[in-house]
Every structure is written in structure tokens, then in C-alpha cells.
Q: 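This is the structure I want to talk about, given as C-alpha cells.
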Amino acid sequence: WVRTNISTSDRNRPERFAYELDTEQMAQLHEYKAKRREQRETIAMDPSQVAGQVCAAVKENRFYVLTHPESVPVFAERAARIVAGENPIEPPQ
């Protein structure tokens, strides 16, 4: 996670793409956003750290920037499921 406001990006959605959520969907969205806010405040990386990693990657001509090396096994498992044609699973909490 990186400390950004991307979870509030719906504020920029053009009116023509607006949609309604039912009560259950609103509750799920509220819970999701609350969890993400907590993660952003407690474990998320500062954007300047990511910027430094991106600059280093550009200078090294490296395409991928894995900002959180501890997440590599999770990415590898997900890629393996995609290649195998399996359905997504709920990410670990």
C-alpha cells in the first residue's frame, strides 16, 4: 500500500458514469474503505519512497518496480492462478 487518496477517486467520476448502490453494497463499500484507510495510515508507504524506487528503476532500465518485496510470493501465487485459468481468491487479511 502507498499513502494516496486513490480510494476517494470516485469524487472525480463524471456524472454520466454515476451509479446507485443498494444498502448491502453501500455497507460493503463503507467497510472496504474503512479497512483501506486504516492500512493507509498504519502500514502504507510514503509516496516519496515509491518515487525514489521508480527513479532508481528508470536509471537501471528496469521495467517492474516491486515496492514491497515481501509481497512477491503473493504476486507469484496470483500469476500462477491466472496462468492456470483459476478464479481469483480473497487476498489474505
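Residue indices begin at 1 and follow the sequence shown.
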Q: Out of curiosity, Arg37 CZ to Thr42 OG1, how far, rounded to the nearest 0.5 Å?
A: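 One gets 12.5 Å once the value is rounded to the nearest 0.5 Å.
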Q: Under 3.5 Å, sequence neighbours excluded: what are the donor-acceptor pairs made by side chains of residues 16-23?
A:
from: Tyr19; atom 1: OH; to: Arg13; atom 2: NH2; distance (Å): 3.3
from: Asp22; atom 1: OD1; to: Glu24; atom 2: N; distance (Å): 3.1
from: Asp22; atom 1: OD1; to: Gln25; atom 2: N; distance (Å): 2.7

Q: Drop me the distance from Glu77's CD to Ile82's CD1, to the nearest 0.5 angstrom.
A: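 One gets 12.0 Å once the value is rounded to the nearest 0.5 Å.
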Q: Output side-chain donor-acceptor pairs under 3.5 Å for residues 44-67, partner residues at least two apart or in another chain, one line each.
A:
from: Asp46; atom 1: OD2; to: Ser48; atom 2: N; distance (Å): 3.0
from: Asp46; atom 1: OD2; to: Ser48; atom 2: OG; distance (Å): 2.5
from: Gln49; atom 1: OE1; to: Asp46; atom 2: N; distance (Å): 3.1
from: Glu60; atom 1: OE1; to: Arg62; atom 2: NE; distance (Å): 3.1
from: Glu60; atom 1: OE1; to: Arg62; atom 2: NH2; distance (Å): 3.1
from: Arg62; atom 1: NH1; to: Tyr64; atom 2: O; distance (Å): 3.2

Q: Could you tell me whether Ile6 atom CD1 has more than 12 heavy atoms of other residues or ligands within 6.0 Å of it?
A: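 Counting other residues, nucleotides and ligands, CD1 of Ile6 stays at 12 neighbours or fewer.
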Q: Can you tell me how far apart NE2 (His30) and CE (Met26) are? Round to the nearest 0.5 Å.
A: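 That separation rounds to 9.0 Å.
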Q: Crowded around Glu86 CD? As in, over 12 foreign heavy atoms under 6.0 Å?
A: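 Above 12, so yes.
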Q: With a cut-off of 6.0 Å (strictly less than), are more than 12 heavy atoms of other residues, nucleotides or ligands near CZ of Arg78?
A: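 Check fails, neighbour count at 12 or below.
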Q: Identify the two heavy atoms, one from His68 and one from Val2, that lie closest to each other, and give their separation to 0.1 Å.
A: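 Between these two residues, the closest heavy atoms are CE1-CG2, 4.5 Å.
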